[in-house]
Amino acid sequence: MSLRCAFVLSLALLAPAPACAQAASEAAIKAAYLVKFAAYVGWPIRSGPVTICQVGRDVLGGALEQAATGQQVDGRPIQVRRLDSIARGSGCDIAYLAGSGRQPVPAALAALASSPVLTITDDRWSKARGMIHFQVAANRVRFHVNDQAAADGGLNISSKLLGLALSVRPRQGR
């Protein structure tokens with residue numbers, strides 16, 4: 001490699017990342033969290049794949065499919081579905097709620113209230129909060145946990161995951 005090529009390459013590496021690259025990496029981080037959360041949640045007895053549903057706008061692009069490829073939780077493969085809206089009995093174990101014209105985030109949360117579906121919301125799309133709520137703080141993707149809402153749905157969130165949260169709304173009796 002010539003000296004000139006090496007210099008140009010080093011400048012490119014030092015240049016700030018464009019906004020689209022930052023958004024892409026944020027989507028990849030959130031997608032990775034969605035896949036990893038499954039290992040730290042106890043559901044009522046279920047069989048078959050762990051199904052992660054992206055409900056509403058496609059805000060993660062292909063990042064969720066990429067993060068889920070080849071992953072398993074307790075021997076169960078992870079599959080991804082995209083839905084415009086959600087209701088009880090949709091077959092989702094985890095629902096990332098980005099909202100749509102057909103079903104805003106608060107309506108999706110109401111449809112899944114007290115059901116064994118881990119609901120995940122995001123400050124970027126709604127102020128309504130699911131069992132887990134993403135927030136970007138100090139340029140890092142972080143999350144809050146509503147353990148009471150999880151308990152109401154029959155889910156048990158691991159203390160390891162609770163310990164990583166920015167805040168936890170504890171379940172009654174804990």
Count the heavy atoms of every other residue, nucleotide or ligand shown that sit under 6.0 Å from [atom1] of [X], and state whether that count exceeds 12.
| X | atom1 | value |
| --- | --- | --- |
| Gln66 | CD | no |
| Tyr40 | OH | no |
| Arg102 | CZ | no |

Please name all residues satisfying side chain to side chain donor-acceptor pair (under 3.5 Å) with Ser114, sequence neighbours left out, ordered by chain then number.
->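 Expected list: none.
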
At what distance, to the nearest 0.5 angstrom, does [atom1] of [X] lie from [atom2] of [Y]?
| X | Y | atom1 | atom2 | value |
| --- | --- | --- | --- | --- |
| Gln54 | Arg81 | CD | CZ | 13.0 Å |
| Cys92 | Ile52 | SG | CD1 | 10.0 Å |
| Ser115 | Leu155 | OG | CG | 8.0 Å |
| Ile120 | Arg129 | CD1 | CZ | 14.0 Å |
| Asp147 | Arg171 | CG | CZ | 4.0 Å |
| Ile157 | Gln148 | CD1 | CD | 11.0 Å |

Nearest atoms (heavy-atom pairs only) where [X] meets [Y]:
| X | Y | value |
| --- | --- | --- |
| Leu166 | Ala137 | CD1-CB, 4.5 Å |
| Val73 | Ala39 | CG1-CA, 3.9 Å |
| Val50 | Ala38 | CG1-CB, 4.1 Å |
| Tyr33 | Val141 | OH-O, 3.4 Å |
| Gly130 | Leu109 | CA-CD2, 3.7 Å |
| Ser126 | Pro106 | OG-CD, 4.4 Å |

Is it true that the side chains of His133 and Asn146 contain a donor and an acceptor less than 3.5 Å apart?
->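 Their side chains do not contain a donor-acceptor pair, so the 3.5 Å distance test is not met.
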
I'd like to check [X] versus [Y] (side-chain heavy atoms, cut-off strictly below 4.5 Å). Are they in contact?
| X | Y | result |
| --- | --- | --- |
| Phe134 | Arg142 | no |
| Ile78 | Val35 | yes |
| His144 | Arg169 | no |
| Asp84 | Gln103 | no |
| Val59 | Arg124 | no |
| Leu34 | Leu64 | yes |
| Lys160 | Leu164 | no |

Could you give all pairs that pass the salt bridge (Lys or Arg N to Asp or Glu O under 4.0 Å) test and reach residues 52-61, with sequence neighbours left out?
->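 Salt bridge (Lys or Arg N to Asp or Glu O under 4.0 Å) check on residues 52-61 returns Asp58-Arg82.
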
Do Cys53 and Leu83 pass the side chain to side chain contact (heavy atoms under 4.5 Å, CB included) test, and can you show the C-alpha distance, the side-chain angles, and the key distance before you say yes or no?
-> CA-CA 7 Å; Cys53 297; Leu83 304 171; 3.9 Å; yes

Could you go through the side chain to side chain contact (heavy atoms under 4.5 Å, CB included) check for Trp43 and Ile94 one step at a time?
-> CA-CA 10 Å; Trp43 279 270; Ile94 298 173; 3.8 Å; yes

Mind telling me whether Phe37 and Phe143 have parallel, tilted or perpendicular rings, with 30° and 60° as the class edges?
->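 Perpendicular: the ring planes of Phe143 and Phe37 meet at over 60°.
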
Ion pair present between Asp93 and Arg76, side-chain N to carboxylate O less than 4.0 angstrom?
->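 Answer for the salt bridge query: yes.
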
For Asp122, salt bridge (charged side-chain N to carboxylate O under 4.0 Å, His left out) partners two or more places apart =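 Listed in chain order: Lys30.
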
With distance as the sole test, does Thr69 use its side chain to make a donor-acceptor pair with the main-chain N or O of Glu65 at under 3.5 Å?
->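 Side chain of Thr69 to backbone of Glu65: a pair is present.
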
Mind checking whether Leu118 and Leu97 sit in one hydrophobic cluster, side chains of I, L, V, M, F, W, Y counted as touching below 4.5 Å?
->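 The answer is no; the residues belong to distinct hydrophobic clusters.
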
Decide whether Ile132 and Ile86 are clustered together by the hydrophobic rule: side chain heavy atoms of Ile, Leu, Val, Met, Phe, Trp, Tyr closer than 4.5 Å, transitively.
->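 Cluster IDs for Ile132 and Ile86 differ.
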
